[in-house]
Peer 1: 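Just passing along the structure, written as structure tokens.
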Amino acid sequence: MAYSDPFDSDYYEEEEIEQGTNEDLQSEAIQKIFEGLNPRQVEAVECLQGPLLIMAGAGSGKTRVLTCRIANLLAHGVAPWRILAITFTNKAANEMKTRAERMIGELAKSVWLSTFHSFCAKILRIEVDSVDGYNKNFVIYSMSDTKAVVRDCIRELNLDEKKFMDTQILSRISMAKNNLLDSKKYKEAVLFANNKSEYEWQVANVYELYEKRLLSLNAMDFDDLLMLTVRLFTDHQEILNKYQERFRYILVDEYQDTNEAQYQIMKLLAAKYENVCVVGDADQSIYGWRGADMRNILNFETDYPEATVIKLEQNYRSTKMILDAANAVIQHNKYRKPKELWTENGDGEKIIVFEALTGFYEAAKIVNEIADLKRNGFSYNDVALLYRINAQSRILEEGFVRAGIPYVIVGGLKFYDRMEIKNILAYLRLIYNLQDNMSLKRIINVPRRGIGLTTVAKLQDFAEKHDISIFEVISNAWLLNQVDVFPKTRQNLRMFSEFILNCRNMQDKLSVNKLISYILKNSGYMTELQTDSKPEDEARIENLEEFINVAKEFVSKSPEEATLDGFLNHISLISDLDVVEESEDRVSLMTVHSAKGLEFPVVFITGMEEGIFPHSRSLLREDQLEEERRACYVAITRAQKKLYITFADSRANFGGDTKASCNSRFLEEIPREYIDFYKQKTATKTSTPAFVHLVPRSSVKIEGLSKVSPKMRAKSNVMSMNTKKNKEKEKISANLSRNWQPGDRVNHKKWGDGIVLEVKGLGTERELRIKFLDKDVGIKTLSLMYAPITKVRE
DNA sequence: CCTCCCAAGGTTTTT
DNA sequence: CCTTGGGAGG
């Protein structure tokens, strides 16, 4: 390779390379870069010096512009290692890398392209000596790890675990860190707050302990990566200076989703040369709950008064119909800068809306429709199913399994959240970082070694008292003898610690994948899985084998980083989102958030119901509701040719409860003339539910898609009834089809016996007016779709 | 002191 | 539905 990366050596002496140096030499390459770009895009790609803000609407060729801009920098003779490009996901980073390579060749490989988090992890790993309290073997904790730490802290502080929930506290801590408040500053903030609450104070206490714990474990959480990097840069001018010199050209993608910490990192790095290009779209800011601050993009011009601003408003992705629908929805947001995307694409088809009776039928209908699409020349790869919450995926997934249509769930809880994967990772982490008590506790009895909770508790007590790690206790005979356990247990502990030390010695001799195999074989974990006859064990073994393959691939792909710490770094920062293989023909299922940055010819947005999308927890606050609307905007703009929106009249919750629902307000914000509306009229036993095409009688009114008052909405969100699973479901469909007459006697689960006074409505909207014998209950009108009633025989 | 079995309770979105 | 914690047996 022509350019080596002179990282810690001689790059200070590197001569200044200015724009245009190699223009003649590379003019052909440069010309190629600009091929097929529109004037605005050309402008963005040409503007290489100084601060640049690109406001890029959905589908406006943003990735292309960014890639071309990188290519153009390289073509102008900028050394690749002077370029830092930050993306939001690893997937986006990889995609950009591939595209840049295709355009400019090998050179692109040396561009530093990564997410904020992995960028910070790399920096911290290099500069760890200047980070207080951490040593070079620090590990990165994922959410489930940090959760366990927080739970321990809550318990230690004797707080009520019901009142102080781990997830809630953790999200507060995370928010604090993203705003660069360490526990000390957080505590001060709570103390000086006007309305200090007991809860906040306790959160501050948990935070304090949590911070201390992570430090003693030599572990960082995701937010630490950012916060500690900011601290590193602000406390050590010489280090900051080094990186400022190195990264002369900085690009930040998805700028609307940066939080305070990320903003500071960018700002600090760019402070000297101000060659910073940010790309984003405020309408696609959907990570506010994670501390992202739209003001970063809105205020860019204030931060950099010299900034060039370029707007990309031509959309190349979607049909006019889809784009107009998206525009119509997003216009309901009050807090936004006006902007309207346009396209030269054709009108396209109307948006198809399905109203199903239940989530089950919704899935069935979608699956049927996809089978039709397949027959009509679409491939499964063309289709994506989007949902607001992961919980929706199960019922959809079941539909695909029934229909035998191949699918893949992108992101969500998957591979790396599996018990067995977490266990093997815990082994690796402990081997790497002996201070990691959390990992130790996880695997000290996996496989079963006769080391129980009581023993672990004793060890932990002892370790804490002496301010050392648990591993230190068990690996030191003198210390271990002071802990009051049975001789047999002590022997087991000794064997365990010897095994870990033995693995530690192996790490230099074996490649990571071999090391994993070694651990699995010699720890006895594999044997336990093979001999225990639990039904899930077979799958566990397969997953572990898959994990070995992941490691193998990692080793062959980047042999220079193929050490244990390189692997751990890699693993803790990738997500399942990044491992999508595109070779097979299958439908993609994912959350709206995961879909950001992607596009598909056909998109289904599912569960378009109040309480789901927008989510019920966002209904009370306007800013959160607007964020939901932006998520909806993101979802709609993923579609290229065909857009389906589906919702159900009632939906099963996790327990088996059923909840009535009504269509999302966002659906009503799409002009009716863009919509083709189909509604399921009756429940069917077959898996091909019948839908009726409803033609609007007048242009203003579509049956069933009528405006619902906010009050009704609230009611519908709250309305929740107990039904006992399938039996109840069957009963409901029986109730719906029964020929009800006034005078029929019924029994209601909660309100007891009653007499039917009146029968109203048809199909799923059928209601009964019932007089209950219990005077306190009186006369009620109940919908047969949801009411837990049984007919009583005379 | 460890392990197995049963009940209860909990779901927004992710690096 | 799935994880987590408590209680009884071994």
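We name chains A, B, ... by the order of the sequence lines, and we start the count at 1 in each one.
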Peer 1: Less than 4.0 angstrom between a side-chain N/O of A:T454 and OP1 or OP2 of B:dC2, yes or no?
Peer 2: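 The answer is yes; a side-chain N or O of A:T454 sits under 4.0 Å from OP1 or OP2.
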
Peer 1: Using a heavy-atom cut-off of under 4.0 Å over every strand shown, decide if A:N445 touches base, sugar-phosphate, or nothing.
Peer 2: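 Sugar-phosphate contact only.
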
Peer 1: Could you tell me whether the phosphate oxygens of B:dT15, OP1 or OP2, come under 4.0 Å of any side-chain nitrogen or oxygen in A:N90?
Peer 2: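 For A:N90, the contact criterion (side-chain N or O under 4.0 Å from OP1 or OP2 of B:dT15) is not met.
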
Peer 1: Here's a test of your reading of the structure: between A:R394 and A:M419, which maps to the more 5' nucleotide of DNA chain C?
Peer 2: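 Checking each residue's closest nucleotide, the 5'-ward one belongs to A:R394.
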
Peer 1: Please determine whether a side-chain nitrogen or oxygen atom of A:N259 lies at a distance below 4.0 Å from atom OP1 or OP2 of B:dT15.
Peer 2: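 Result: no.
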
Peer 1: Verify the stacking flag for A:W289 against B:dT13: centroid separation must be under 5.5 angstrom and the ring planes must differ by under 30 degrees.
Peer 2: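 Stack criterion met.
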
Peer 1: Select one nucleotide: of B:dT14, B:dT15, C:dT4, the one nearest the side-chain heavy atoms of A:T115.
Peer 2: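 Looking only at side-chain atoms, A:T115 lies closest to B:dT15.
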
Peer 1: Is there a side-chain contact between A:T455 and the phosphate of B:dC1, meaning an N or O under 4.0 Å from OP1 or OP2?
Peer 2: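 False: A:T455 side-chain N/O out of range (4.0 Å or more) of B:dC1 OP1/OP2.
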
Peer 1: Let's see if you can work this out: which of B:dT13, C:dG5, B:dC4 has an atom nearest to the side-chain heavy atoms of A:R155?
Peer 2: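 For A:R155, the side-chain atoms sit closest to C:dG5.
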
Peer 1: Count the heavy atoms belonging to other residues, nucleotides or ligands that lie under 6.0 Å from CG of A:L157, then report whether that count exceeds 12.
Peer 2: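 Yes, enclosed.
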
Peer 1: Whether the side chain of A:H117 and the base of B:dT15 hold a donor-acceptor pair under 3.5 Å is what I'd like checked.
Peer 2: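 When only heavy-atom distances are counted, A:H117 does reach the base of B:dT15 through a donor-acceptor pair under 3.5 Å.
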
Peer 1: Hey, is the side chain of A:K458 poking within less than 4.0 Å of OP1 or OP2 on B:dC1, counting only N and O atoms?
Peer 2: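 Yes.
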
Peer 1: Taking only the side-chain nitrogens and oxygens of A:T591, find out if one of them lies under 4.0 Å from OP1 or OP2 of B:dT14.
Peer 2: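 Checking A:T591 against B:dT14: at least one side-chain N or O falls below 4.0 Å of OP1 or OP2.
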
Peer 1: Please state how far atom CG in A:L226 lies from atom P in B:dT14, giving the value in whole angstrom units.
Peer 2: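 About 17 Å, once rounded to whole Å.
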
Peer 1: Any side-chain N or O of A:T89 under 4.0 Å from OP1/OP2 of B:dT15?
Peer 2: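 The answer is no; no side-chain N or O of A:T89 sits under 4.0 Å from OP1 or OP2.
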
Peer 1: What is the separation between atom CG on A:N423 and atom P on C:dT3, rounded to the nearest whole Å?
Peer 2: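 Between P of C:dT3 and CG of A:N423: 13 Å.
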
